[in-house]
Structures are given as C-alpha cells and as structure tokens.
Visitor: 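I have a structure I would like to understand better, so I am pasting it below and will then ask my questions one at a time.
The first residue in the sequence is number 1, and the count goes up from there. Values below: all heavy atoms of this structure, side chains included; hydrogens, waters and symmetry mates excluded.
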Amino acid sequence: VQRFRVADLPVVAQMAMAGFGNGVVPLSLAEVFGLVPAHCVLFPEAGVTLPISIVGRKSTLERPGVKPLLATLVGLARERLTEVADRLVS
C-alpha cells in the first residue's frame, strides 16, 4: 500500500471525494465542498483540533480596539464550529 502525505487540506478533500482514499479535514471545509454527513466521520469533542493563529505586529495586536475584536472572532469561530457539528450529526 502506497501512502502519501498531502498538506493542502482542500486537495485532501478533493482527493477523498474523487475516491483516492480517505482524508481528515476541518468540518468547515467538508461543508464548503458539500460533503454529506453520511460520508463523514466526526471525531469526539476531545478529538482532533486544528489550531489557527492571528498574525500581526505586536504593537497592532496590543491596541485597545484590537483586543475586543480578537475576542469576538474567537467567540464567533466557536459558535460556527458548533453549528456545523450539529448539522452534520443531525
């Protein structure tokens, strides 16, 4: 059995959809590609995570107006992931 490591997540999703094997992608990407819940296996809540980073200059990220924005983005991301997971489970 040949194994390949593909780092580009959209490519992983496209290869899995084309029948070249299985892939692990974020729920949001599975949704973008229209993968039906019946073709997805969800990891337990304490399972796989995909960290993201907000990148910027230290002086910019420390500004008073930016900190609330970052907190809002984190909250919205959590809400969105919960919505996607709920849709795929039901």
Side-chain angles (χ1 to χ4, degrees):
V1 174
Q2 275 190 312
R3 294 180 186 242
F4 298 93
R5 186 172 191 187
V6 180
D8 189 6
L9 294 175
V11 172
V12 171
Q14 290 174 328
M15 289 175 68
M17 290 172 56
F20 287 104
N22 299 318
V24 176
V25 296
L27 288 173
S28 58
L29 187 63
E31 184 181 54
V32 166
F33 278 93
L35 293 170
V36 294
H39 294 143
C40 297
V41 176
L42 299 178
F43 287 97
E45 188 173 323
V48 176
T49 60
L50 179 65
I52 63 168
S53 299
I54 298 174
V55 181
R57 291 187 174 141
K58 184 178 178 182
S59 60
T60 300
L61 296 177
E62 291 178 349
R63 288 185 176 176
V66 174
K67 286 185 180 183
L69 172 64
L70 296 179
T72 300
L73 290 174
V74 169
L76 290 172
R78 284 189 182 132
E79 288 175 22
R80 181 69 176 134
L81 288 174
T82 301
E83 290 172 11
V84 171
D86 289 345
R87 266 203 308 265
L88 289 174
V89 170
S90 59

Visitor: Quick one: closest heavy-atom pair of Phe33 and Gln14, and the distance?
Guide: CE2-CG, 3.4 Å

Visitor: Ignoring hydrogens, what is the shortest heavy-atom contact between Leu35 and Cys40? Give both atom names and the distance.
Guide: CB-SG, 4.0 Å

Visitor: Taking all heavy atoms of Pro10 and all of Leu29, pick out the closest pair and write down the distance.
Guide: N-CD2, 3.7 Å

Visitor: What pair of heavy atoms forms the shortest contact from Val24 to Leu9, and how long is it?
Guide: O-CD2, 3.7 Å

Visitor: Looking only at heavy atoms, which two atoms of Val66 and Thr60 are closest? And how far apart?
Guide: CG2-O, 3.2 Å

